[in-house]
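Everything below concerns the one structure shown next.
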Protein chains: 2
Amino acid sequence: MSIALQDYESCPVTAVLRRIGDKWSPAVIRLLAERGYGFNELDRAIEGISRRVLTRTLRALEEDGFVRRTPLGGRVEYALTERGRSLREQLYALGRWAAVTADRMH
Amino acid sequence: MSIALQDYESCPVTAVLRRIGDKWSPAVIRLLAERGYGFNELDRAIEGISRRVLTRTLRALEEDGFVRRTPLGGRVEYALTERGRSLREQLYALGRWAAVTADRMH
DNA sequence: CTGTATCCTAGCGGATACTG
DNA sequence: CAGTATCCGCTAGGATACAG
């Protein structure tokens, strides 16, 4: 069996890993799982992220249907969609596995 | 609640996502789940990867304890460790989820 | 408050020739 | 067969000033 070129991008698990495997997406998803957040609120909550990257991260998550952006007169609220909450469940399961087997992970 | 700097790297799920969220790790894991492979054999099976990147991918997976490298007189065999098979199970679950909800994933 | 514009750096991924 | 050496482009990520 061999893996063709088009398989690599079309493989669902690879696609989702590449999307949320960046530096900040997991942190954003984790926060939005609690409640809705404003932009600067997120910026302050996630220590170390730059506004430029936060913007890009949110846009990408929005484009994939994980996050919904709602303008509310002068401010904006970001929240998880149903699909986003579904993803969050998957990541939670993966997190439990990772925590248990983290001994050889440095 | 806020996310401190050190949390980002120490979070198990983020760590594992960053490790296997690269371009080729999922493909390598998928192949090695079947059976042991030699280096050039992997290179041929994964269409589009360069030897340089394949080497780095294998080294990283080995360092994290997902893959075992076994020299066998003139050739080398790469195979999943127990931990690697465990990860493969997790990815398989994530893949099923992704396949089902792939409608808004492009 | 919610971003965008600009500029910069480091690292990933790729092509290819070479080595034991 | 199993890699390493070299070079190169692209993009992710970061700092910071500016804008509506």
Side-chain angles (χ1 to χ4, degrees), chain A residues 2-9 11 14-29 31-32 35-64 67-79, chain B residues 2-9 11 14-29 31-32 35-64 67-79:
Chain A
S2 93
I3 299 182
L5 266 174
Q6 62 271 31
D7 282 359
Y8 135 71
E9 275 296 352
C11 172
T14 300
V16 71
L17 282 177
R18 294 231 84 189
R19 289 291 184 153
I20 61 173
D22 64 358
K23 192 167 179 178
W24 300 108
S25 288
V28 170
I29 291 171
L31 281 173
L32 295 188
R35 58 178 176 87
Y37 272 80
F39 183 85
N40 282 326
E41 200 180 7
L42 271 177
D43 189 32
R44 271 177 268 112
I46 305 174
E47 210 168 314
I49 198 173
S50 73
R51 288 208 294 284
R52 171 173 147 65
V53 173
L54 178 55
T55 301
R56 213 178 29 197
T57 303
L58 286 169
R59 292 282 181 277
L61 291 174
E62 193 189 353
E63 201 175 330
D64 289 335
V67 163
R68 176 173 36 245
R69 178 183 180 280
T70 315
L72 292 175
R75 71 183 294 269
V76 168
E77 175 158 289
Y78 289 98
Chain B
S2 92
I3 298 181
L5 266 174
Q6 63 271 29
D7 281 0
Y8 134 71
E9 275 297 353
C11 172
T14 301
V16 71
L17 282 176
R18 294 231 85 189
R19 289 291 184 153
I20 61 173
D22 63 357
K23 191 167 179 178
W24 299 108
S25 288
V28 170
I29 291 171
L31 281 173
L32 295 187
R35 59 178 176 88
Y37 272 80
F39 183 85
N40 283 325
E41 198 180 7
L42 272 177
D43 189 32
R44 270 177 270 112
I46 305 175
E47 210 169 314
I49 197 173
S50 73
R51 288 207 293 284
R52 169 172 148 66
V53 173
L54 177 57
T55 300
R56 213 179 29 198
T57 303
L58 287 169
R59 292 284 181 276
L61 290 174
E62 193 189 352
E63 201 175 330
D64 289 335
V67 164
R68 176 173 35 245
R69 178 184 180 279
T70 315
L72 293 174
R75 71 182 296 269
V76 167
E77 175 157 289
Y78 289 96

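Please read all numbers here as calculations on a predicted model, not as lab measurements. Here is the naming used below: chain letters follow the sequence lines, and residue numbers restart at 1 for every chain.
One finds no salt bridge joining B:Arg19 and B:Glu63 here, because no Lys/Arg side-chain nitrogen approaches an Asp/Glu carboxylate oxygen to under 4.0 Å.
Summarising the geometry, the separation between CZ on B:Arg19 and P on C:dG11 is reported as 14 Å, rounded to the nearest angstrom. B:Ile46 places its CD1 atom 13 Å from the P atom of C:dG13, with the value rounded to the nearest Å.
Of all heavy-atom pairs spanning B:Ala79 and B:Gly36, the tightest one is CB-CA, 4.4 Å.
Residue contacts for A:Asp22: at a heavy-atom cut-off of 4.0 Å it reaches the sugar-phosphate backbone alone, with no base atom in range.
A:Tyr37 OH to A:Asp43 CG: the interatomic distance, rounded to the nearest 0.5 Å, is 12.5 Å. The line from CH2 of B:Trp24 to OG1 of B:Thr57 is 9.0 Å long, rounded to the nearest 0.5 Å. Separating the CZ atom in B:Arg68 from the CD atom in B:Glu62 is a distance of 10.0 Å, to the nearest 0.5 Å. Atom CG of B:Leu61 is separated from atom CG of B:Leu32 by 8.0 Å, given to the nearest 0.5 angstrom.
Counting heavy atoms from C-beta outward, A:Asn40 and A:Arg51 have side chains that approach closer than 4.5 Å.
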Go through the steps for A:Glu41 and A:Phe39 under the test side-chain contact (heavy atoms from CB on, under 4.5 Å), then give the verdict. CA-CA 5 Å; A:Glu41 200 180 7; A:Phe39 183 85; over 6 Å; no
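The rotation axes computed at either terminus of the helix from C:dC1-D:dG20 to C:dG20-D:dC1 lie 40° apart, taking five pairs at each end and rounding to 10 degrees.
Of all nucleotides in DNA chain D having an atom under 4.0 Å from a heavy atom of chain A, the first and last in 5' to 3' order are D:dA12 to D:dC18.
Taking the side-chain hydrogen bond (donor to acceptor under 3.5 Å, both in side chains) definition, one finds that A:Asp22 meets it with A:Ser25, sequence neighbours left out.
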Expected list for residues 70-78 of chain A: side-chain donor-acceptor pairs under 3.5 angstrom, two or more places apart:
unit_1  : atom_1 : unit_2  : atom_2 : d
A:Tyr78 : OH     : A:Arg59 : NH1    : 3.4
A:Tyr78 : OH     : A:Arg69 : NE     : 3.4

Shorter than 3.5 Å, N or O on both sides, protein versus nucleotides 2-5 of chain C: list them out with atom names.
unit_1 : atom_1 : unit_2  : atom_2 : d
C:dT2  : OP1    : A:Val76 : N      : 3.1
C:dT2  : OP1    : A:Val76 : O      : 3.3
C:dT2  : OP2    : A:Phe39 : N      : 3.2
C:dT2  : OP2    : A:Asn40 : N      : 2.9
C:dG3  : OP1    : A:Arg59 : NH2    : 3.3
C:dG3  : OP1    : A:Arg69 : NE     : 3.3
C:dG3  : OP1    : A:Arg69 : NH2    : 2.7
C:dG3  : OP2    : A:Tyr78 : OH     : 2.6
C:dG3  : N7     : A:Arg51 : NE     : 3.0
C:dG3  : O6     : A:Arg51 : NE     : 3.3
C:dG3  : O6     : A:Arg51 : NH2    : 2.5

